[in-house]
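We name chains A, B, ... by the order of the sequence lines, and we start the count at 1 in each one.
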Number of protein chains: 2
Amino acid sequence: MKLPGKTVERLSKYRRTLLECLNEKRNFIYSHDLAARIHITAVQVRRDLMLIGYSSVLRKGYDVRELIDTISKIIDSEESIHVAVIGIGNLGRAVAGYFKGKRSKLNLVASFDNDPQKINKVISGVKCYPYNDIERMIKELDIRIAILTVPLDSAKEITEEMVRYGIKGILNFTTIPLNVPSGVYLEEYDMITSIEKVAYFVKENKI
Amino acid sequence: MKLPGKTVERLSKYRRTLLECLNEKRNFIYSHDLAARIHITAVQVRRDLMLIGYSSVLRKGYDVRELIDTISKIIDSEESIHVAVIGIGNLGRAVAGYFKGKRSKLNLVASFDNDPQKINKVISGVKCYPYNDIERMIKELDIRIAILTVPLDSAKEITEEMVRYGIKGILNFTTIPLNVPSGVYLEEYDMITSIEKVAYFVKENKI
DNA sequence: GTAACAATGTTAATAAAATAACAATAATCA
DNA sequence: TGATTATTGTTATTTTATTAACATTGTTAC
Ligand SMILES: NC(=O)c1ccc[n+]([C@@H]2O[C@H](COP(=O)([O-])OP(=O)(O)OC[C@H]3O[C@@H](n4cnc5c(N)ncnc54)[C@H](O)[C@@H]3O)[C@@H](O)[C@H]2O)c1
Ligand SMILES: NC(=O)c1ccc[n+]([C@@H]2O[C@H](COP(=O)([O-])OP(=O)(O)OC[C@H]3O[C@@H](n4cnc5c(N)ncnc54)[C@H](O)[C@@H]3O)[C@@H](O)[C@H]2O)c1
């Protein structure tokens, strides 16, 4: 099954919302209710669920637990997938600290840095390894995904190396566009572009 | 002129790339060259530039300086626009520190928090004010844009207040979907969704 | 000077995403 | 029970975004 990226994004949001429902002891939720919580339309929800082949049968809304399970089967791996933060600076630490708080199939197992002050210490809940050991550690810890928070000038080279050593997914926080071969999935996370977009639309509204 | 959001995003990236060109003492750049640097197509570049009404006349590529100016005229405001970070925790500090390093039309002028340890101190290069003063300070400092990095449970209430006090744009780092009235621009920045998307496509590739 | 080329701007076509329309059916209630 | 309502799943339509096609026009080489 090949889902559109946009649908995958929404599935992630659906699941998060559904987990909140469980907390509130709600066991059923209507499509329009789920939609309202994330500010989209009910049709969009139903269409996405159609794409993943989920169907509720009852007309009393979706079974929250069941839908969580269905979505998890789609977007999660069987086994937990190992993640590392590359460059445990200001942003890297924030992200690492945040991740360690969650339990999920995504398991933050290491960080890497080249600052002697940092290596071989536990920072934001995760052990920092010397970047020079990354080839070995990717294999040893079976790391699949890298969260890239190194300075701009080293981002390109580090990416090439990581890909060579077997990394399959990269979440890029630097503002450098990266080149990855097919078979490696890259998601760009461009804060500057986001804020400039906000600024543009704020300006346009004002005028 | 009403530009598509996607085009605005790319304009921000074009400008950043063009500024790099200046550093490299390149004064002209072809559409296909600019495109290659951010991994899109030359047609996309030309189409975006058509939308903003820029035209090069020469066939020796775009004049880098001229294009930077043109884009800046479109996406920047005349005067600098004031930004604040709300919740100067781990993520807020990283973002603030990063912003203070740049000079641009976007000017980070304050942060707000309710932690007595933090208020009235300079953190990551920016003064932290008590959140209780936010109404007054938004007016006093003419703050237009808020970068929201508070804990989940306070995000909704804080957003409503800020909007009431005149904030016009919000970059939301929390994973709570926010409600804003029309006239206020909201950009969601959902890290968890991004990483789950990476995980999904990594998994799919593997299978 | 002019033919060949290279790069642009624009229109046309395609693809992707969102929205609308609607038929089907369980639940509700007179 | 049977009509009514509410909600779903799916197909059709519209909108938006991307890609392709192509005519235009400086530039270059001869
Ligand atoms: N902080 C933000 O909010 C923010 C926002 C947008 C983009 N970014 C980008 O994210 C990246 C990190 O930002 P930051 O604020 O955390 O910077 P930072 O300087 O605090 O952190 C960078 C870390 O990378 C490490 N490092 C440097 N070279 C390395 C190498 N070759 N191998 C391994 N580790 C190395 C450094 O020791 C440091 O710990 C930068 O590229 C920045 O442009 C940050
Ligand atoms: N750290 C990350 O990488 C990350 C990733 C994704 C999402 N987020 C989201 O970003 C937000 C912040 O994350 P964090 O890791 O920086 O958390 P944090 O706890 O380090 O920071 C939160 C800050 O907000 C302040 N605060 C709390 N209540 C407040 C209030 N009512 N008014 C003003 N300030 C208040 C706290 O004093 C603290 O300084 C959270 O909502 C989190 O879910 C963070």
Side-chain angles (χ1 to χ4, degrees), chain A residues 1-14 17-18 21 26-64 66-67 70-71 74 177 187-188 193 197 200-201 204, chain B residues 1-14 17-18 21 26-64 66-67 70-71 74 177 186-188 190 193 197 200-201 204:
Chain A
M1 181 167 35
K2 186 86 170 294
L3 294 176
K6 292 289 176 100
T7 294
V8 175
E9 285 178 23
R10 282 189 298 263
L11 289 175
S12 161
K13 289 179 208 282
Y14 297 155
T17 308
L18 293 165
C21 290
R26 289 196 62 165
N27 293 314
F28 289 89
I29 189 168
Y30 295 126
S31 58
H32 62 256
D33 204 350
L34 180 51
R37 288 189 183 224
I38 55 179
H39 306 126
I40 60 172
T41 67
V43 180
Q44 184 91 79
V45 170
R46 298 207 297 273
R47 231 183 166 294
D48 286 333
L49 297 190
M50 190 191 85
L51 288 179
I52 65 171
Y54 178 79
S55 142
S56 78
V57 186
L58 319 166
R59 313 279 126 164
K60 301 201 82 172
Y62 302 107
D63 182 311
V64 174
E66 201 176 86
L67 186 47
T70 306
I71 292 176
I74 308 258
E187 176 84 5
E188 305 276 352
T193 288
K197 194 175 158 193
Y200 170 79
F201 284 110
E204 287 305 295
Chain B
M1 180 170 33
K2 187 86 172 295
L3 295 175
K6 293 290 176 96
T7 295
V8 175
E9 285 177 25
R10 283 189 297 261
L11 288 176
S12 162
K13 289 179 208 282
Y14 296 155
T17 308
L18 292 165
C21 290
R26 288 195 63 164
N27 293 313
F28 289 89
I29 188 169
Y30 296 126
S31 59
H32 62 257
D33 204 350
L34 180 51
R37 288 190 183 221
I38 55 179
H39 305 126
I40 62 172
T41 66
V43 179
Q44 185 92 79
V45 170
R46 298 207 298 271
R47 229 184 167 293
D48 285 333
L49 297 191
M50 191 191 85
L51 288 179
I52 65 172
Y54 178 79
S55 142
S56 78
V57 187
L58 321 164
R59 314 278 126 164
K60 300 201 82 172
Y62 302 107
D63 182 310
V64 174
E66 201 176 86
L67 187 46
T70 306
I71 293 176
I74 308 259
L186 173 66
E187 177 85 5
E188 306 276 353
D190 191 331
T193 289
K197 194 173 158 196
Y200 170 79
F201 285 109
E204 288 306 296

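In this structure, Glu66(B) places its CD atom 14 Å from P of dT8(C), rounding to the nearest Å. In this structure, CG of Leu51(B) is placed 15 Å from C1' of dT8(C), rounded to the nearest angstrom. Atoms CG (Leu3(B)) and C1' (dT16(D)) sit 14 Å apart, rounded to a whole Å. Counting to the nearest Å, the P atom of dA17(D) and the CD atom of Glu9(B) are 10 Å from each other. Distance, Ile52(B) CD1 to dT10(C) P: 12 Å, rounded to whole Å. When the P atom of dA17(C) is taken as reference, atom CG of Leu11(A) falls 13 Å away, rounded to whole Å. A straight line from CG of Leu49(A) to P of dT8(D) spans 9 Å, rounded to a whole angstrom. The distance from atom CE of Met50(B) to atom P of dT18(D) is 14 Å, rounded to the nearest whole Å.
Pairing each heavy atom of Phe28(B) with each of Gly61(B), the nearest pair is CD2-O, 3.9 Å.
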Give each protein N/O atom lying under 3.5 Å from an N/O atom of nucleotides 19-28 of chain C, with the pair distance.
residue : atom : partner  : partner atom : Å
dT19(C) : O4   : Arg47(A) : NE           : 3.0

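Taking 4.5 Å as the limit, every side-chain heavy atom of His32(A) sits out of range of all side-chain heavy atoms of Val45(A). Side-chain contact check for Lys197(B) versus Phe201(B): some heavy-atom pair is nearer than 4.5 Å. Annotation: side chain of Ile71(B) is not in contact with side chain of Tyr54(B) (no heavy-atom distance under 4.5 Å).
Using a distance-only test at 3.5 Å, with no hydrogens or angles considered, no donor-acceptor pair links the side chain of Thr7(A) to the main chain of Leu3(A).
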> Do Ile29(A) and Asp63(A) pass the side chain to side chain contact (heavy atoms under 4.5 Å, CB included) test, and can you show the C-alpha distance, the side-chain angles, and the key distance before you say yes or no?
Replying inline: CA-CA 7 Å; Ile29(A) 189 168; Asp63(A) 182 311; over 6 Å; no
> Would Lys6(A) and Asp48(A) count as a salt bridge (Lys or Arg N to Asp or Glu O under 4.0 Å) if you check the C-alpha gap in whole Å, the side-chain angles of each, and the deciding distance to 0.1 Å?
Replying inline: CA-CA 9 Å; Lys6(A) 292 289 176 100; Asp48(A) 286 333; over 6 Å; no
> Would Ile40(A) and Tyr14(A) satisfy side chain to side chain contact (heavy atoms under 4.5 Å, CB included), going step by step from the backbone distance to the final call?
Replying inline: CA-CA 11 Å; Ile40(A) 60 172; Tyr14(A) 297 155; 3.5 Å; yes
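Listed by residue number, Tyr30(B), Ser31(B) are the residues of residues 27-35 of chain B with a heavy-atom contact under 4.0 Å to DNA chain C.
In terms of phosphate contacts, Tyr62(B) brings a side-chain nitrogen or oxygen within less than 4.0 Å of OP1 or OP2 of dG9(C).
Comparing dA17(D), dG9(D), dA17(C) by their closest approach to the side chain of Pro4(B) singles out dA17(D).
Put simply, NZ on Lys13(B) and CG on Leu34(B) are 12.5 Å apart, with the number rounded to the nearest 0.5 Å.
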